[in-house]
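Notes for the one structure printed next.
When a ligand or atom number is given, it counts from 1 through the structure's own listing order. Computed from a predicted model, the values in this text were never measured in an experiment.
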Amino acid sequence: MCGIVGAVDRRDVTSLLTEGLRRLEYRGYDSCGIAVLQQGALRRVRSVARVANLAAEVAAANLSGMIGIAHTRWATHGAPVAKNAHPIFSSGEIAIVHNGIIENHESLREELQAHGYVFESDTDTEVVAHLIHRMWTEQAAQGAKDLLCAVRHALERLHGAYAIAVFARNDPGRVIGARAGSPLVVGLGEQGNYLASDVMALAGAVENFIYLEEGDIAELTLDGVRLVDRSGHAVQRDIKVHRASTHSVELGPYRHYMHKEIFEQPNVIADAIERVDTISADLFGQGARHAFREIDSVLIVACGTSYYAGMTAKYWLESLAKVATQVEVASEYRYRSSVANPNTLVVVVSQSGETADTLAALKHAQTQGHRHTLTVCNVASSTMMRQAEFQHLTSAGPEIGVASTKAFTTQLVALFLLALTLSKQRGRLPAAQEATFLDQLHRLPGKLNSVLALEAQIIAWAETFARTDHALFLGRGLHYPIALEGALKLKEISYVHAEAYPAGELKHGPLALVTSQMPVVAVAPNDALLDKLKSNLQEVRARSGQLYVFADADSRIASGDGLHVIRMPEHYGSLSPILHVVPLQLLAYHTACARGTDVDKPRNLAKSVTVE
Ligand code: G6P
């Protein structure tokens with residue numbers, strides 16, 4: 001989603017800004033732009049093409065300056081056209097970039113128009129630019145110019161979420177940043193000071209960071225950084241060292257990050273469980289041992305792929321730990337009137353830790369009276385990790401492809417560990433069973449490698465899927481969420497319409513869609529529901545549907561007329577979903593490649609959705 005970079009430097013900042021935008025590209029965007037202060041004037045270049053084109057245009061326009069701001073935009077208010085791309089200017093005096101949504105922009109727009117401001121874009125951001133300009137000129141009239149103060153007073157008028165970076169033509173040594181609801185970090189360097197919506201943007205440029213807290217406003221100059229809270233009182237924040245590994249964001253021999261990340265799964269899962277030699281609540285942070293004993297139920301809240309990880313975990317938590325579990329989409333939960341049980345453990349699951357709906361759901365749960373909260377997340381420094389009582393880092397490493405893969409399987413590992421922990425605390429995990437589960441976890445990377453070895457067969461299937469417009473995915477029980485995730489992967493990157501159903505529901509509707517033109521993917525582990533699933537597959541065959549079945553080696557399903565089978569390793573018990581999702585990731589990936597889509601940056605989607 002939208003990305004911000006800002007800089008005050010002793011050198012020209014344009015290459016640092018464009019490199020920062022390049023590093024933020026993975027978040028998804030539809031336009032981009034950069035503005036600098038050059039020879040006493042605001043100058044900008046904006047583009048609806050890729051950052052690489054923007055960099056070329058910046059060079060062609062001879063843009064250069066010692067202070068500047070830059071942005072990748074994922075359109076919310078206003079179409080993705082050049083006039084709506086950021087930076088947005090006010091009166092040739094104020095330049096701003098903004099992530100988030102200003103909810104009261106319509107009333108502010110009317111007010112500002114009444115004061116003579118002419119709007120050039122359809123964005124909500126432009127009201128912020130004009131508001132700051134208004135405060136700035138009012139101050140100037142009183143002979144007291146303080147950009148930070150003007151920004152702070154403008155922000156007081158806003159409802160909604162924002163992270164912003166601002167500079168003024170008349171104040172050449174200063175960039176102001178502020179956050180409320182959207183992340184923003186300050187990078188401290190020897191040659192200058194910087195702002196970014198994500199530390200990744202400044203990887204390699206600086207190692208010392210300040211993570212701004214809600215309501216913080218930062219003033220960056222060459223001499224240092226001044227921080228105030230929303231009332232204008234000086235605040236101190238810790239400096240954290242973050243040495244970004246540039247290696248992990250390089251593509252290496254792969255064509256796409258998604259492909260690389262699918263193949264990283266054995267290694268990242270091995271890393272995640274390397275030090276797990278016993279099941280203990282300590283895996284979830286200090287104090288979890290005591291708090292987890294108090295809880296009598298679990299509520300998992302998440303979005304997208306992370307939500308499907310939560311759905312899978314429900315089966316584990318209820319079957320292994322016998323703890324009643326609910327799973328809810330964050331955007332629904334946060335606005336629903338629910339009954340809080342102080343003994344419920346609220347678990348938010350998120351790759352980024354910044355998804356606006358999930359973060360708001362976490363805060364909502366806390367204000368509703370839920371005492372115990374846990375974040376399962378892939379970004380140690382994220383807002384969700386700081387907001388929850390307990391934390392578990394999934395350690396998948398940076399995930400760049402918009403479609404989540406390795407973050408999902410590491411979330412599943414984390415949630416399986418949670419189920420085992422609650423089970424052990426409740427006396428339901430005998431030592432021998434614990435040892436068996438740990439052994440299975442440690443052998444999981446090897447099993448994943450044997451699934452990845454099926455890639456050539458999956459590529460052959462992808463040729464067929466690339467020619468279809470619709471596909472149906474079936475699964476049962478623990479593998480129903482895996483079918484959902486397979487359908488989500490296919491639609492998000494290949495744009496093939498795909499739906500997933502619990503196989504037993506087929507006869508209640510989707511069977512009407514089945515013809516010889518409809519590929520039906522079935523996830524067929526050799527578990528207790530296999531015979532039921534086989535009956536469901538017969539229902540498809542009887543209507544001439546084409547079946548594509550991922551069957552465990554021991555599930556006795558053989559290829560035949562209209563029945564295509566890829567043989568998986570032998571059934572892997574409770575951990576089977578982690579194996580079964582991998583061929584579905586590969587099927588989506590190769591279908592997308594065959595259709596020639598932008599696999600890592602699918603249209604209209606963003607990696608980290610930091611607005612509602
Ligand atoms: C976006 C991404 C998905 C992701 C979802 C939740 O929609 O494109 O891949 O699953 O957000 O993100 P989170 O970071 O909270 O897991």
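Side-chain N/O atoms of Gln326 and Ser297 include no donor and acceptor closer than 3.5 Å. Judged by distance alone, the side chains of Lys406 and Thr394 never bring a donor and an acceptor atom under 3.5 Å apart. A donor-acceptor contact closer than 3.5 angstrom is absent between the side chains of Ser382 and Glu354.
Ligand 1 has no nitrogen or oxygen under 3.5 angstrom from a nitrogen or oxygen of Glu492. Ligand 1 has no nitrogen or oxygen under 3.5 angstrom from a nitrogen or oxygen of Ala403.
No part of Glu354 comes within 4.0 Å of ligand 1, judged by heavy-atom distances.
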Checking side chain to side chain contact (heavy atoms under 4.5 Å, CB included) for the pair Lys240/Val185: CA distance, chi angles, key distance, verdict? CA-CA 10 Å; Lys240 307 257 187 245; Val185 297; over 6 Å; no

Checking side chain to side chain contact (heavy atoms under 4.5 Å, CB included) for the pair Tyr333/Leu299: CA distance, chi angles, key distance, verdict? CA-CA 10 Å; Tyr333 171 71; Leu299 168 64; 3.7 Å; yes

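Atom 12 (O) of ligand 1 has as its closest protein heavy atom Thr355 OG1, 3.3 Å. In terms of protein heavy-atom proximity, atom 1 (C) of ligand 1 is nearest to Ala606 O, 3.5 Å. The nearest protein atom to atom 6 (C) of ligand 1, hydrogens excluded, is given as Cys303 O, 3.5 Å; this is a heavy-atom distance.
Atom numbering of ligand 1 starts at 1 in the shown order; those under 4.0 Å from a heavy atom of Ser404 are 9 (O). The contact set between ligand 1 and Val609, taken as ligand atoms under 4.0 Å from a residue heavy atom, comprises 1 (C), 7 (O). Atoms of ligand 1 lying under 4.0 Å from any heavy atom of Lys607, numbered from 1 in the order shown and given with element: 1 (C), 2 (C), 11 (O). Atoms of ligand 1 lying under 4.0 Å from at least one heavy atom of Ser350, given by number and element, are 13 (P), 14 (O), 15 (O), 16 (O).
Not a single heavy atom of Ser608 sits closer than 4.0 Å to an atom of ligand 1.
Between Phe437 atom CZ and Ser574 atom OG the span is 4.0 Å, to the nearest 0.5 Å.
Classified by interplanar angle (parallel below 30°, tilted 30° to 60°, perpendicular above 60°), the ring pair His86/His71 is parallel. Classified by interplanar angle (parallel below 30°, tilted 30° to 60°, perpendicular above 60°), the ring pair His259/Phe263 is perpendicular.
Distances from atom 9 (O) of ligand 1 to the heavy atoms of Val402, Asn378, Thr305 show the closest one on Val402.
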